[in-house]
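Structure record follows, encoded as structure tokens.
Throughout, protein chains are lettered first and strands after them, A, B, ... in sequence-line order, and every chain is numbered starting at 1.
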Amino acid sequence: MPELPEVETVRRGLSGLITGRIVKEVTHDTPKGFPNAQKDVEEFLLGAKVTDVRRRAKVLLIDLSTDYTLVIHLKMTGQLVYRGDAVFGAGHPNDSLIGELPDRSTRVVFTFEDGSHLYFNDQRKFGWVKLIPTLEVPNIDFMKKVGPEPLAKTFSADDFKTRFTRRPKTSIKAALLDQTVVAGVGNIYADESLWGAKIHPLRLVNTLSTQEFKQLYQELRAVMNLAIQKGGSTDKNYVNAEGKRGSYMDFARVFRREGKPCPRCGTTIIKFKAAGRGTHICPYCQKS
DNA sequence: CACTTGACCTGTCCGC
DNA sequence: TGCGGACAGGTCAAGT
């Protein structure tokens, strides 16, 4: 599921819901990387207080008072849903896109001292959960390789263009999806931003003009900011920390809109495969 | 080496 | 209805 806007939406929700809570119990069916050591769970997770919830790229970082951090990647179908008690808690089941928890895709259940729960669900089991010292988070493989945050205030159009010089002969779509170029872009926002900038996804990186990179930079930031404002995109699985859907798909211009008219020119949107992924374009606006 | 293609998993949808 | 195949928001390892 989640790309940067979805993970950021989960982060914001979780931050308000779990910060300050103390972990009392953890049950799990050993999702990838967890627990790296049962001893660590007992020593650095049980009894720990949540001090902060951060995000880097598509990864969530739940900092603990023990100076350990839960590092969580939701991959395609991961969900992190908080449930308070049945009567007064946040995210009453009736408000939710999903039903009673735990359910058959629940992999980890964190129980807090006040009796509330945080559920990690992951239908396809691609996601991972690691418990590592906070100071070592920047040293894990993913963090060492991942590119800059595209929404950072200091990240300029020039910076954006320069990042792509490392992938000169690949398609612009493959480069956008490459997390070492720029962090957080996935299939939805790649298609949406390429449509916005009127660039065909299969154009090779070294054929784009400076002006086109500038357009793409602006469109990517605009589309991601809008998506955060709308609480992310729910196509199927994605939900926020309260189990509720995001509404960006109501505003999507090309993604999953094949057969419908381009909102700019009316030409029928088509779908094909690019960089191994389903790809949506307006064939009139985005010429190869 | 740079780039593209499978593999990882489960579930759903679509055509025969 | 049943069944096979394609496909799904991501990232690696293994291929070419």
**Asked** On the ring face of A:Trp195, is A:Arg264 found with NZ or CZ under 6.0 Å from the centre and within 45° of the axis?
**Response**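 Checked: cation-pi criterion met.
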If I take atom [atom1] in residue [X] and atom [atom2] in nucleotide [N], what distance separates them, rounded to the nearest angstrom?
X	N	atom1	atom2	value
A:Ile72	C:dG10	CD1	P	18 Å
A:Tyr189	C:dG9	OH	P	12 Å
A:Ile188	C:dA8	CD1	P	12 Å
A:Lys145	C:dA13	NZ	C1'	10 Å
A:Phe142	C:dT11	CZ	P	5 Å
A:Met143	C:dC12	CE	P	11 Å
A:Ile140	C:dC12	CD1	C1'	14 Å
A:Lys236	C:dA8	NZ	P	12 Å

**Message:** Could you go through A:Asp122 and A:Thr77, starting from their C-alpha distance and side-chain angles, then the distance that decides it, and tell me whether this counts as side-chain hydrogen bond (donor to acceptor under 3.5 Å, both in side chains)?
**Reply:** CA-CA 5 Å; A:Asp122 187 15; A:Thr77 57; 2.7 Å; yes
**Request:** Fit a plane to each ring of A:Phe164 and A:Phe213, take the angle between them on a 0 to 90° scale, and name the class: parallel (under 30°), tilted (30 to 60°) or perpendicular (over 60°).
**Result:**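 Rings of A:Phe164 and A:Phe213: tilted, as their planes differ by 30° to 60°.
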**A:Asp63 with A:Arg54: basic N within carboxylate O range, under 4.0 Å** =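 Yes, charged N to carboxylate O under 4.0 Å.
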How would you label the contact of [X] with the nucleic acid (heavy atoms, under 4.0 Å): base, sugar-phosphate, or nothing?
X	value
A:Gly186	sugar-phosphate
A:Phe255	sugar-phosphate
A:Ser233	base

**Request:** Could you walk me through whether A:Lys173 and A:Asp191 pass salt bridge (Lys or Arg N to Asp or Glu O under 4.0 Å), step by step?
**Result:** CA-CA 8 Å; A:Lys173 171 139 183 183; A:Asp191 280 7; 2.6 Å; yes
**Message:** For chain A and DNA chain B, what are the first and last nucleotides along the strand, 5' to 3', with at least one atom under 4.0 angstrom from a heavy atom of the protein chain?
**Reply:**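 On DNA chain B, the outermost contacted nucleotides are B:dC3 to B:dT12.
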**Asked** With sequence neighbours left out, which residue pairs that include part of residues 132-151 of chain A fulfil the salt bridge (Lys or Arg N to Asp or Glu O under 4.0 Å) condition?
**Response**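 Salt bridge (Lys or Arg N to Asp or Glu O under 4.0 Å) check on residues 132-151 of chain A returns A:Arg55-A:Glu149, A:Arg56-A:Glu149.
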**Item:** Pair listing, salt bridge (Lys or Arg N to Asp or Glu O under 4.0 Å) test, anchored in residues 205-233 of chain A, at least two apart
**Value:**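 Passing the test, one end in residues 205-233 of chain A: A:Arg203-A:Glu212.
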**Request:** Check the pair A:Tyr238, A:Ser233 against side-chain hydrogen bond (donor to acceptor under 3.5 Å, both in side chains), reporting the backbone distance first and the verdict last.
**Result:** CA-CA 7 Å; A:Tyr238 167 73; A:Ser233 296; over 6 Å; no
**Item:** Set of side-chain hydrogen bond (donor to acceptor under 3.5 Å, both in side chains) partners for A:Arg12, sequence neighbours left out
**Value:**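 A:Arg12 satisfies side-chain hydrogen bond (donor to acceptor under 3.5 Å, both in side chains) with A:Glu8 once adjacent residues are dropped.
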**Test side-chain hydrogen bond (donor to acceptor under 3.5 Å, both in side chains) applied to A:Glu192 - qualifying residues, sequence neighbours left out** =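 A:Tyr248, A:Arg253.
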**Request:** Output the residues of residues 169-185 of chain A in contact with DNA chain B, where contact means a heavy atom of the residue under 4.0 Å from an atom of the strand; sort by number or write none.
**Result:**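 Contacts with DNA chain B under 4.0 Å: A:Lys169, A:Thr170.
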**Asked** Contacts to DNA chain B from residues 120-137 of chain A, heavy-atom cutoff under 4.0 Å, which residues?
**Response**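 Heavy-atom cutoff 4.0 Å gives A:Gln123, A:Arg124, A:Lys125, A:Phe126.
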**Prompt:** What pattern of brackets, bars and dots sums up DNA chain C from 5' to 3', given Watson-Crick or G-U wobble pairs under 3.5 Å, [ ] for crossing pairs and | for another strand?
**Reply:** .|||||||.|||||||
Report, one line per pair, each donor and acceptor closer than 3.5 Å where one atom sits in a side chain of residues 30-49 of chain A; sequence neighbours left out.
residue	atom	partner	partner atom	Å
A:Lys32	NZ	A:Lys125	O	2.4
A:Asn36	ND2	A:Leu131	O	2.8

**Item:** Linked hydrophobic residues, A:Tyr284 as query - side chain contacts closer than 4.5 Å
**Value:**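 Noted: A:Tyr284 shares its cluster with no other residue.
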**Prompt:** Is the phosphate of C:dG10, meaning OP1 or OP2, less than 4.0 Å from a side-chain N or O of A:His73?
**Reply:**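 The answer is no; no side-chain N or O of A:His73 sits under 4.0 Å from OP1 or OP2.
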Please write out the pairs of protein N or O atoms and N or O atoms of nucleotides 3-6 of chain C separated by less than 3.5 Å, giving the distance to one decimal.
none

**Request:** State, to 0.1 Å, how close A:Cys285 and A:Cys265 come at their nearest heavy-atom pair, and which atoms those are.
**Result:**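 Shortest heavy-atom contact: SG-SG, 3.9 Å.
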**Request:** Check side chain to side chain contact (heavy atoms under 4.5 Å, CB included) between A:Thr170 and all other residues, then give those that pass, not counting sequence neighbours.
**Result:**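 Checked A:Thr170 against side chain to side chain contact (heavy atoms under 4.5 Å, CB included); matches are A:Arg167, A:Ala174, A:Ala175, A:Val205.
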